[in-house]
2 protein chains.
Amino acid sequence: MNTHELFHTLHQLSRHLTNTLNEALKPLGLYGSQWSAIFVLKTKGFLTQKELCDYLFVEAPPMTRTIQRLVKQGYVRQVPGKDKREKIIQLTDKALLEYPKWEKTVFETNESVLKNLPETSQEELLRLQKSWLQQLK
Amino acid sequence: MNTHELFHTLHQLSRHLTNTLNEALKPLGLYGSQWSAIFVLKTKGFLTQKELCDYLFVEAPPMTRTIQRLVKQGYVRQVPGKDKREKIIQLTDKALLEYPKWEKTVFETNESVLKNLPETSQEELLRLQKSWLQQLK
DNA sequence: TTCAATTAGTTACCTAGGTAACTATATTCC
DNA sequence: GGAATATAGTTACCTAGGTAACTAATTGAA
């Protein structure tokens, strides 16, 4: 098995998709890292920063930065938790208003990079990736 | 098809593997980006910086940094080309001497993260990734 | 109960990789 | 041949994400 090629193509795919997403989000004034946090917050309602980190498997410092940017743009609110160390994060009305446009853009971008990959391949790829990722944790 | 999950797991896999590789290379005094350049130089002999960029699908500025670090460590030499804008990059004897150890470390790291993923899955994954990547270019 | 250990979040600084703007050399076209 | 254009590489600066060291709050144990 050519493990080198496997890692190399995976790395390139990831970079390519990140770049494509960032380019699509640029006119909306968002970055990919912000979108990933927004997406989780939209589906989960509200979370502490720690929970957001755990969910996205990202360390705390980059998450602090992402959230501070979102706060500055008025898309996210930080509410102190019962445990006063915690900050509970939630989307603002402004964000909820913009959300459908963001989601549409991301969805269309995803579709466009997948349009030549058969549906069965997409599903097989997802299955293999999930299985691999699970074994790594 | 859940495109979001597909991109999310791909991104996480890529990050996880990058981190694992960097951790394994740390005691050798190398970073992953340096290894990827070294690997290409070892298999191709010598290349201009431009050719290295094209091969790794990386922009010129990060490649400049990677090479400058390798030059500083004495693992790489920059020779002016016939076209005086170009710099031809080649591994030094010092690098060639260390190479087997580096390769062994990387190989073992790759094996360790793949050990629970069946060979057939690995091959299928590589096939799907290559096919997808090809369609994106 | 008080003092040590743990935890949530921040700050500072590192690598990876991207764009924009620049320099210096090559190429093209009149 | 000389001016415009293209190309290789560098520099400056941006985001993404990592570790180490720190603060403040909480938990646990003597």
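This one's a predicted model, so the numbers in the text were calculated from it and none came from an experiment. Letters go in sequence order (proteins before strands), and every chain restarts at 1.
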Any side-chain N or O of A/Q34 below 4.0 angstrom from OP1/OP2 of D/dT15?
no
The residue, A/P61 or A/D83, whose nearest nucleotide of DNA chain C is more 5′ is A/D83
Is A/E59 touching bases, backbone alone, or none of the nucleic acid, heavy atoms closer than 4.0 Å?
base
Within the modelled atom types, does a donor on one side and an acceptor on the other bring the side chain of A/R85 and the base of C/dT7 under 3.5 Å apart?
yes
Take B/T9 and A/L126 through the test side-chain contact (heavy atoms from CB on, under 4.5 Å) and record every step on the way to the result.
CA-CA 8 Å; B/T9 53; A/L126 176 57; 3.9 Å; yes
Give a yes/no answer on whether the side chain of A/K87 brings an N or O atom under 4.0 Å of OP1 or OP2 in C/dT10.
yes
Run the salt bridge (charged side-chain N to carboxylate O under 4.0 Å, His left out) check on B/K104 and B/E108 step by step: do they pass?
CA-CA 6 Å; B/K104 182 165 178 288; B/E108 286 173 1; 3.0 Å; yes
Assess whether a salt bridge exists between A/E98 and A/K101, defined as any Lys/Arg side-chain N lying under 4.0 Å from an Asp/Glu carboxylate O.
yes
Reckon A/E86 touches a base, only the sugar-phosphate, or nothing at all at heavy-atom distances under 4.0 Å?
sugar-phosphate
Identify whether any heavy atom of B/G32 sits under 4.0 Å from a base atom; if not, whether one sits that close to sugar-phosphate; answer base, sugar-phosphate or nothing.
sugar-phosphate
Can you tell me how far C1' of D/dT11 sits from CD1 of B/I67, to the nearest Å?
16 Å
Among A/Y31, A/W35, A/Y75, ring-ring contact (aromatic ring centres under 6.0 Å, His included) partner for A/W102
A/Y75
Of A/K50 and A/K26, the one whose closest nucleotide on DNA chain C sits nearer the 5' end is A/K50
Round to the nearest Å and state the distance from B/L21 atom CG to C/dT15 atom P.
16 Å
Under a 3.5 Å distance rule, please check whether A/T43 uses its side chain to pair with a backbone N or O of A/V40 as donor and acceptor.
yes
For a quick test of reading the model: is some side-chain N or O of B/Q49 closer than 4.0 Å to OP1 or OP2 of D/dT10?
yes
Would one find a side-chain N or O of A/S33 under 4.0 angstrom from OP1 or OP2 of D/dT15?
no
Would you say D/dG9 has OP1 or OP2 under 4.0 Å from some side-chain N or O of B/Q68?
no
Would you say B/H11 places a side-chain N or O within less than 4.0 Å of OP1 or OP2 belonging to D/dG17?
yes
Using only side-chain N and O atoms of A/R65, determine if any of them is under 4.0 Å from OP1 or OP2 of C/dT11.
no
